[in-house]
Amino acid sequence: MSSGFFERVYRLVSQVPAGRVTSYGAIAREAGGGAAAARSVGWALRALPIDRAERVPWWRVVSAKGEIRFAPNSPEAEAQRARLEAEGIRFETTGRIDLARFGWP
DNA sequence: GCGTTGACTATTG
DNA sequence: TCAATAGCCAACG
């Protein structure tokens, strides 16, 4: 609406099925901004309103390495990990996700 | 319209 | 494999 890029990002994230995760670069590329627009995707999700956050699975969006890009002691990171585990996603001992199994093609 | 910021990615050492 | 640096894009002030 206001910004096609933002709405497009929200739409793509909403299309991610439960039990799957995607990376910022993948969404950025699908949004039409290119892999370099990954930072803009983070900006869009950071500006994600609360009412939008409930219908947009932002927690299924992780870094290209399958790890959460929040602070390890951040409440958002804890909530994200909890939601991902609730959807059946397992974390490695290093705290990373196996994109080969949970990655969204 | 310019400069800064950011939930990133890819490349190099 | 890990750490540090550069680059790109979009929104905000």
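Source: prediction; values computed, not measured. In what follows, chains carry the letters A, B, and so on, assigned in the order in which the sequence lines appear, proteins first and then strands, with residues in each chain numbered from 1.
- By the side chain to side chain donor-acceptor pair (under 3.5 Å) test, R60(A) pairs with E87(A), sequence neighbours left out.
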What pairs of donor and acceptor atoms, side-chain ones from residues 64-81 of chain A against any protein atom, are under 3.5 angstrom apart with sequence neighbours left out?
from   : atom 1 : to     : atom 2 : distance (Å)
Q80(A) : NE2    : W59(A) : O      : 2.7
Q80(A) : NE2    : V61(A) : O      : 3.1

Mind listing the side-chain donor-acceptor pairs of residues 35-58 of chain A below 3.5 Å, one per line with the distance, residues two or more places apart or on another chain?
none

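- Checked against side chain to side chain contact (heavy atoms under 4.5 Å, CB included), A26(A) has the following partners two or more places apart in sequence or in another chain: T22(A), S23(A).
- Rounded to the nearest 0.5 Å, atoms CD1 (I89(A)) and CZ (F102(A)) are 6.5 Å apart.
- Listed in residue order, the members of residues 11-28 of chain A having a heavy atom less than 4.0 Å from DNA chain B are S23(A), Y24(A), G25(A).
- Each of R96(A) and W43(A) was matched to the nucleotide of DNA chain C holding its nearest heavy atom; the match closer to the 5' end belongs to R96(A).
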Nucleotide-level pairing of DNA chain B, given in dot-bracket where Watson-Crick and G-U pairs need both distances under 3.5 Å and | marks other strands: .|||||.||||||

Nucleotides 3-9 of chain C: protein proximity per nucleotide (B base, S sugar-phosphate only, - neither; heavy atom, under 4.0 Å): ----BBB

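- The side chain to side chain contact (heavy atoms under 4.5 Å, CB included) test applied to T94(A) returns E92(A), R96(A), not counting sequence neighbours.
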Audit row: V21(A), V16(A), side chain to side chain contact (heavy atoms under 4.5 Å, CB included) steps and yes/no: CA-CA 7 Å; V21(A) 295; V16(A) 178; over 6 Å; no

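- A heavy-atom distance below 4.0 Å to DNA chain C is reached by none of the residues of residues 51-88 of chain A.
- Mapping heavy-atom proximity under 4.0 Å, the span of DNA chain B touched by chain A runs 5' to 3' from dT5(B) to dT9(B).
- With sequence neighbours excluded, the residues that form a side chain to side chain contact (heavy atoms under 4.5 Å, CB included) with P17(A) are R20(A), W104(A).
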